[in-house]
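The block underneath contains the structure these notes are about, expressed in structure tokens.
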Amino acid sequence: AELAYSVHQCGAVGGVIGTNIEGQNLDAPALDEFWSAAVELQVPVFLHPVEPVIPARVSKYYLHALTYYLYDTTATVGAMLFSGVLDRFPDLQLILSHGGGFFPYHAGRFDIIYTNLAQTREHLAQPPSAYLQRFYYDTIVHHPTALQFLCTMVGSDRLLLGTDYPFPVADPDPLRLYAQAGFADADIE
């Protein structure tokens, strides 16, 4: 209801949800109503880490944002894949923050688990890497080679400009990264 109100009454062009809800991944059956609404409204949903309960070992040096946020996104993507959320909602549009966490970089590792553990195939129609193009990815990876790799894995049409503003990991000139990565003007546009 809140998503519909935001779109119809407030002019929102999509929704945002944390990558966990009180420590739970986004594969909970109770969220099917939300995913169904996003599909019906034809709006994307941006998945972004929230302040998760973080282990003490990442509480200093901003390590929670450098490591645990990426982990949180990756854990939720895995749960959504293996539970069948993307197969139940084939038209669901999801945007992953921070270059998709670790998922694009470890899609092969996801595939090995899919191949070797039968329970991971129970609700998933294809290997996890087949779903890479089901997501959009913001470009907050902060390194030209990482951005090139992400583009190779998912295609430039799946990349969305990100800034992470106003946080300490913000990129004040995100278009510069595209240029450093050697993107053509058309891809940057």
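Computed from a prediction, not measured in an experiment: that's the story for all the values here.
- The aromatic rings of Tyr68 and Tyr71 sit tilted, their planes meeting at an angle between 30° and 60°.
- Ser97 has its side chain within reach of Thr73: a pair of non-hydrogen atoms, C-beta onward, lies under 4.5 Å apart.
- The minimum heavy-atom distance linking Ser156 with Asp187 is given by the pair OG-OD1, 3.1 Å.
- Annotation for Gln126: atom CD counts as buried by contact number, over 12 foreign heavy atoms lying within 6.0 Å.
- Taking both residues in full, the closest heavy atoms of Thr139 and Gly162 are given as OG1-N, 3.2 Å, listed atom of the first, atom of the second, then distance.
- Both Leu159 and Tyr105 are assigned to one and the same hydrophobic cluster, defined by single-linkage of ILVMFWY side chains at heavy-atom distances under 4.5 Å.
- Note: His64 and Tyr69 meet the aromatic proximity criterion, with ring centroids under 6.0 Å apart.
- Leu177 is not listed as a side-chain neighbour of Pro174, based on a closest heavy-atom distance of 4.5 Å or more.
- For Asp157, the CG atom is densely surrounded, since the number of other residues' heavy atoms within 6.0 Å is greater than 12.
- Put simply, CG on Leu70 and CG on Leu96 are 11.5 Å apart, with the number rounded to the nearest 0.5 Å.
- Cluster annotation: Trp35 is connected to Leu86 through the hydrophobic network of ILVMFWY side chains, with a link wherever side-chain heavy atoms come within less than 4.5 Å.
- A donor and an acceptor atom, one from each side chain of Tyr165 and Asp171, are nowhere located under 3.5 Å apart.
- A 6.0 Å sphere centred on CD of Gln180 holds more than 12 heavy atoms belonging to other residues, nucleotides or ligands.
- Nearest heavy atom pair, residue Tyr114 against residue Pro128, reads CB-CD, 3.5 Å.
- When all heavy atoms of His98 and Pro49 are compared, the pair lying nearest together is CE1-CD, 3.8 Å.
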Residue pair Arg158, Tyr136: steps toward the side-chain hydrogen bond (donor to acceptor under 3.5 Å, both in side chains) verdict: CA-CA 5 Å; Arg158 290 300 192 184; Tyr136 291 90; 2.8 Å; yes
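- For Met153 against Ala107, the heavy-atom pair with the smallest separation is CE-CB, 4.3 Å.
- Separation of atoms CE (Met80) and CG (Leu26) is listed at 5.5 Å; rounding is to 0.5 Å.
- Side chains of Thr19 and Asp72: a donor on one and an acceptor on the other come within 3.5 Å.
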Audit row: Arg88, Asp32, side-chain contact (heavy atoms from CB on, under 4.5 Å) steps and yes/no: CA-CA 9 Å; Arg88 288 196 308 277; Asp32 279 2; 2.9 Å; yes
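- Rounded to the nearest 0.5 angstrom, Ile17 CD1 and Leu31 CG are separated by 5.5 Å.
- Contact check for Pro104 versus Leu132: side-chain heavy atoms found under the 4.5 Å cut-off.
- Leu41 places a side-chain heavy atom less than 4.5 Å from the side chain of His8.
- Here the CG atom belonging to Leu124 is positioned 12.5 Å from the CD1 atom belonging to Ile113, to the nearest 0.5 angstrom.
- Between the side chains of Asn25 and Thr76, at least one donor N or O sits under 3.5 Å from an acceptor N or O.
- More than 12 non-hydrogen atoms from other residues, nucleotides or ligands lie less than 6.0 angstrom from CD of Gln133.
- The main-chain N or O of Ala56 is found under 3.5 Å from a side-chain atom of Ser59 such that the two form a donor-acceptor pair.
- With rounding to the nearest 0.5 Å, the separation of SG in Cys151 from CZ in Phe183 is 4.0 Å.
- Linking Ile, Leu, Val, Met, Phe, Trp and Tyr residues whenever their side-chain heavy atoms come within less than 4.5 Å places Leu66 and Phe102 in a single cluster.
- Distance check, rounded to the nearest 0.5 Å: CZ of Arg109 to OG of Ser129 gives 15.0 Å.
- One hydrophobic cluster holds both Leu92 and Leu3 under the rule that ILVMFWY side chains link at heavy-atom gaps under 4.5 Å.
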Tyr131 and Phe110: CA distance, side-chain angles, deciding distance, side-chain contact (heavy atoms from CB on, under 4.5 Å) verdict: CA-CA 11 Å; Tyr131 295 81; Phe110 276 77; over 6 Å; no
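- A 6.0 Å sphere centred on CD of Gln42 holds no more than 12 heavy atoms belonging to other residues, nucleotides or ligands.
- Aromatic ring orientation, Phe46 versus His48: tilted (interplanar angle from 30° to 60°).
- Grouping the Ile, Leu, Val, Met, Phe, Trp and Tyr side chains by contacts below 4.5 angstrom, directly or via other members, places Leu161 with Phe135.
- Between the Arg121 side chain and the Pro127 main chain, no donor and acceptor come within less than 3.5 Å of each other.
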Derivation of the side-chain contact (heavy atoms from CB on, under 4.5 Å) call for Leu175 and Ile188: CA-CA 8 Å; Leu175 290 176; Ile188 294 172; 3.9 Å; yes
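- Side-chain contact between Tyr137 and Leu160 is absent, with no heavy-atom pair separated by less than 4.5 Å.
- For the residue pair Leu150 and Asp138, the shortest heavy atom distance occurs at CD2-O, 4.2 Å.
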